[in-house]
Amino acid sequence: MEDKSKLTAVILVIITLTVVIVTFVLNNMKDDKKYNEVKIVTNYSNFYTVNSCLYRVITYISSSDKDSLILVLTDDYKKKNNVTVDNVIDIFDKVSDNSTFSSKKMYYENINDNVTKYYVYGTIEENLMYGDSLSKDAYFIVYLDTKSKVFEIEPYNGEVFLNGDANE
């Protein structure tokens with residue numbers, strides 16, 4: 001009888017451990033998926049916050065503010081592309097002084113609990129003489145840290161928008 005009780009206890013322990021391990025693994029898989037899914041931005045507050053960050057970047061570009069541009073570029077981008085204060089203005093298309101940025105479409109991806117990565121498609125409107133304007137497409141990646149209230153950017157080739165890679 002004692003052997004059956006011990007065997008039953010061991011089997012129950014093994015079953016319990018198996019259930020706990022499987023539950024743990026499945027929960028971690030859900031958390032990983034939460035951080036890798038790219039979705040369209042529907043929250044107006046987030047949309048306009050990111051838009052205002054890029055409006056500021058366009059202002060830096062148009063005024064050739066190299067010091068501010070180098071500060072808002074991500075460290076990874078600067079390292080990969082050997083960007084310095086001396087060449088930072090060269091990585092961006094030339095923009096006239098009275099240009100503005102307007103976001104048209106935006107996707108986001110949660111990187112962690114504090115940082116969200118935004119893929120942004122927008123237009124840079126250059127106001128010309130006689131009320132005319134010139135519009136050109138622009139793509140950026142914006143990293144927004146909600147805890148420290150800072151942002152960083154990277155120029156971007158627009159792959160998510162041009163290839164339709166996002167999970168709408």
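In this chain, numbering begins with 1 at the start of the sequence shown.
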Are [Y] and [X] connected in a single hydrophobic cluster, I mean Ile/Leu/Val/Met/Phe/Trp/Tyr linked by side-chain heavy atoms less than 4.5 Å apart?
X      : Y      : result
Ile141 : Val38  : yes
Tyr77  : Ile58  : yes
Ile40  : Tyr143 : yes
Phe140 : Tyr48  : yes
Leu54  : Val150 : no

For the student: nearest non-hydrogen atoms of [X] and [Y], plus distance:
X      : Y      : value
Thr84  : Asn87  : N-OD1, 2.6 Å
Ser96  : Ser62  : O-CB, 3.1 Å
Lys104 : Thr123 : CE-OG1, 3.4 Å
Ile89  : Ser64  : CD1-CA, 3.8 Å
Asp93  : Lys136 : CB-NZ, 4.1 Å

Quick one: which of Tyr156, Phe161, Tyr107 gives a ring pair (Phe, Tyr, Trp, His ring centres under 6.0 Å) with Tyr119?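 So, applying the ring pair (Phe, Tyr, Trp, His ring centres under 6.0 Å) to Tyr119 and each of Tyr156, Phe161, Tyr107, only Tyr156 qualifies.
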Rounded to the nearest 0.5 Å, how far does [atom2] of [Y] lie from [atom1] of [X]?
X      : Y      : atom1 : atom2 : result
Ser135 : Ile124 : OG    : CD1   : 9.0 Å
Ser99  : Glu125 : OG    : CD    : 9.0 Å
Asn46  : Thr116 : CG    : OG1   : 7.5 Å
Asp97  : Ser63  : CG    : OG    : 7.5 Å

Could you tell me if the side chain of Tyr108 sits less than 4.5 Å from the side chain of Lys39, heavy atoms only?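 A side-chain contact exists here, since the closest heavy-atom pair is under 4.5 Å.
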How about Val72 and Glu152: do any of their side-chain heavy atoms sit closer than 4.5 Å?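 Sidechains of Glu152 and Val72: no contact.
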I'd like to know if the side chain of Asn157 and the backbone of Glu159 have a donor-acceptor N/O pair within less than 3.5 Å.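 At least one qualifying donor-acceptor pair exists.
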What do the steps show when you test Tyr121 against Ser103 for side chain to side chain contact (heavy atoms under 4.5 Å, CB included), and what is the final call? CA-CA 6 Å; Tyr121 157 66; Ser103 297; over 6 Å; no
Residues Phe151, Val57; criterion side chain to side chain contact (heavy atoms under 4.5 Å, CB included); working and verdict: CA-CA 11 Å; Phe151 74 93; Val57 170; 4.0 Å; yes
Hey, do the aromatic rings of Phe101 and Tyr55 have their centres closer than 6.0 Å?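 Centroid distance Phe101-Tyr55: not below 6.0 Å, so no.
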Any side-chain donor-acceptor pair under 3.5 Å between Asp145 and Ser148?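 Distance-only check passes for Asp145 and Ser148.
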Does any donor atom in the side chain of Thr74 or Glu154 lie under 3.5 Å from an acceptor atom in the other side chain?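 Side chains of Thr74 and Glu154: pair found under 3.5 Å.
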Between Tyr118 and Leu144, does a side chain to side chain contact (heavy atoms under 4.5 Å, CB included) hold up when you go through it step by step? CA-CA 8 Å; Tyr118 292 90; Leu144 189 59; 3.9 Å; yes
Worked verdict on Val120 versus Tyr139 for side chain to side chain contact (heavy atoms under 4.5 Å, CB included): CA-CA 6 Å; Val120 183; Tyr139 302 93; over 6 Å; no
Quick one, Lys79 with Asp76, criterion salt bridge (charged side-chain N to carboxylate O under 4.0 Å, His left out). Give me CA distance, side-chain angles, the key distance, then yes/no. CA-CA 5 Å; Lys79 286 177 190 172; Asp76 286 343; 5.2 Å; no
Identify the residue among Asn81, Leu73, Ile61 that makes a side-chain contact (heavy atoms from CB on, under 4.5 Å) with Ile91.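 Between Ile91 and the candidates, side-chain contact (heavy atoms from CB on, under 4.5 Å) is satisfied uniquely by Leu73.
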Could you check whether atom NZ of Lys94 has more than 12 heavy atoms from other residues, nucleotides or ligands sitting under 6.0 Å from it?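 No, NZ of Lys94 has 12 or fewer neighbouring heavy atoms, counting only those of other groups under 6.0 Å.
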